[in-house]
S.K.: 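Quick one: structure below, then a few questions.
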Number of protein chains: 2
Amino acid sequence: MRLGRDTREEILNAAEELLQRRGYNAFSYQHIAVQLGIRNAAIHYHFPGKEDLGVALVKRYRQRFRDWTDEVARLSNAWDRLNAHFQTYVEYAVAGSKICPGGVLSSEFEAIPEVMRHEARLLMREIFEWLIETLDAGRAQGSLNFIGDSRHKAVEIGAALQGSLQIARMAGEERFHQVLQQLALELRHSSADSLP
Amino acid sequence: MRLGRDTREEILNAAEELLQRRGYNAFSYQHIAVQLGIRNAAIHYHFPGKEDLGVALVKRYRQRFRDWTDEVARLSNAWDRLNAHFQTYVEYAVAGSKICPGGVLSSEFEAIPEVMRHEARLLMREIFEWLIETLDAGRAQGSLNFIGDSRHKAVEIGAALQGSLQIARMAGEERFHQVLQQLALELRHSSADSLP
DNA sequence: GTCTATATCCGGATAGAC
DNA sequence: GTCTATCCGGATATAGAC
């Protein structure tokens with residue numbers, strides 16, 4: 001209605017918020033419609049089916065991540081890049097009971113349309129490839145310390161981030177920050193200085 | 001119908017399976033009814049409302065965990081106890097795209113009845129209390145090595161387990177085993193023997 | 001591009017017979 | 001304790017006016 005108002009974008013923004021708060025199957029076109037002050041049918045004009053909306057959301061996450069990696073590529077220190085990645089999750093955490101896209105999509109994996117599953121797999125893969133690269137770079141330059149296979153460490157970190165955001169919902173936001181602190185402690189700890 | 005058939009138990013078993021595969025909001029009384037070859041209404045006889053069923057499920061998880069901790073308390077080695085805990089998750093993983101109760105409940109936390117949330121919080125707390133105790137015992141006896149606060153490490157481990165089960169769904173079961181391997185490697189690694 | 005109105009379906013739930 | 005029948009509400013979705 002108003003000049004410059006991009007309804008499609010606003011729908012995506014509202015849907016993204018709802019997705020990370022309630023999950024895919026627990027949000028409806030009604031929720032979005034009420035929030036934007038429009039009608040149900042208006043959303044169907046932009047996204048004929050709910051799965052179209054779902055796919056658009058995941059594609060947007062993927063694009064955003066690509067743009068983001070391009071940006072942080074400037075940072076020469078791998079720990080700084082990894083820390084910047086952590087910040088994404090911090091933003092979810094402080095927003096209050098928001099979980100990460102991967103967390104939503106994997107939890108509901110068996111209950112989302114196949115097209116969405118496909119996009120979700122791609123998103124996952126892209127994130128982990130970046131994580132592995134970053135860990136390898138960090139180990140090579142000495143800004144990150146860890147033992148074992150970087151691919152294993154990457155999944156461990158990704159899983160811990162995803163899991164701790166969810167746990168924070170039930171057990172308090174501190175839980176998330178404690179995990180973040182622990183991850184950092186272990187990655188920055190040179191194995192020379194030992195146990196307490 | 002048949003002698004000794006306990007419908008209530010069978011409903012719980014089917015529901016538990018569905019919960020960990022599809023999530024709370026994505027399974028219906030229909031799913032259960034079809035699976036057990038009974039009618040919708042029969043389930044309502046045992047569990048008047050869906051939330052009654054949900055609460056019963058979480059209470060059962062809690063009871064099972066209490067029984068389990070009593071059992072493994074025999075093991076004098078903390079690493080053995082922790083490893084036994086890991087086995088619970090391995091069973092979920094090899095069952096194929098099953099995630100852990102905490103993972104389901106925390107992902108859908110904003111979309112489940114308040115009574116379930118309450119039970120879920122208790123379950124979480126009990127698991128983490130046990131994890132912390134176990135880590136402390138392991139550190140004291142030297143069977144577990146880690147740096148930092150045991151409460152932080154406990155959440156890190158719990159989050160990694162929960163997250164990796166979910167990630168395994170999208171990226172393959174190996175991911176879960178890689179995390180398990182990495183966790184073990186780090187916990188059993190004496191900081192004397194250093195990087196490769 | 002957004003509306004009203006409506007269609008369809010499904011999940012949760014109840015009443016009452018057996 | 002399980003059935004049949006039925007109700008209700010919510011969610012996805014479409015048709016057609018504006």
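Throughout, a chain's letter reflects where its sequence line sits, starting with A, and its residues are numbered from 1. None of these values were measured; they are calculated from a predicted model.
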S.K.: At under 4.0 Å between heavy atoms, how does the protein contact nucleotides 13-18 of chain C? Give one character per nucleotide, 5' to 3', with B, S or -.
M.R.: BBB---
S.K.: Send over the distance from B/R39 CZ to C/dG11 P, rounded to a whole Å.
M.R.: 15 Å
S.K.: Should the heavy atoms of other residues, nucleotides or ligands under 6.0 Å from CZ of A/R66 be counted, would the total exceed 12?
M.R.: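 Result for CZ/A/R66: enclosed.
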S.K.: Would you name the heavy atoms of B/W79 and B/A184 that are closest together and state the gap between them?
M.R.: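 B/W79 and B/A184 have their closest heavy atoms at CH2-CB, 3.6 Å.
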S.K.: In whole angstrom, give the distance that lies between atom CD1 of A/I38 and atom P of C/dT4.
M.R.: 12 Å
S.K.: To the nearest angstrom, how far is A/Q30 atom CD from C/dC10 atom P?
M.R.: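 Interatomic distance, CD of A/Q30 to P of C/dC10: 19 Å.
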S.K.: So, the side chain of B/R188 versus the backbone of B/S143: is there a donor-acceptor pair under 3.5 Å, distance only?
M.R.: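 Yes; judged by distance alone, with no hydrogens or angles, the pair exists.
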S.K.: Side chain of B/Y45 only, please: which of D/dT2, C/dG1, D/dT12 is the nearest?
M.R.: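 Per side-chain heavy atoms of B/Y45, the pick is D/dT2.
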S.K.: Using atom NE2 of B/H31 as one end and atom P of C/dG11 as the other, report the distance to the nearest whole Å.
M.R.: 6 Å
S.K.: Please determine if a side-chain N or O atom of A/T7 lies less than 4.0 Å away from the OP1 or OP2 oxygen of C/dG1.
M.R.: no
S.K.: Say whether A/R8 and A/N13, considering side chains only, have a donor N or O and an acceptor N or O under 3.5 Å apart.
M.R.: no
S.K.: Send over the distance from B/F27 CZ to C/dC10 C1', rounded to a whole Å.
M.R.: 15 Å
S.K.: Any link between B/I132 and B/L183 through a network of hydrophobic side chains (Ile, Leu, Val, Met, Phe, Trp, Tyr) touching at under 4.5 Å?
M.R.: no
S.K.: Compare side-chain N and O positions of A/H46 against OP1 and OP2 of C/dT2 and report whether any pair is under 4.0 Å apart.
M.R.: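 Affirmative; the distance criterion is met.
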S.K.: Expressed as a whole number of angstroms, how long is the span from B/D6:CG to D/dT2:C1'?
M.R.: 15 Å
S.K.: Report the C-alpha separation of A/N25 and A/E108 in whole Å, then their side-chain angles, then the decisive distance to 0.1 Å, and conclude whether the side chain to side chain donor-acceptor pair (under 3.5 Å) test is met.
M.R.: CA-CA 8 Å; A/N25 287 295; A/E108 296 193 85; 3.0 Å; yes
S.K.: In whole angstroms, how far is the P atom of D/dA11 from the CZ atom of A/R22?
M.R.: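 Interatomic distance, CZ of A/R22 to P of D/dA11: 9 Å.
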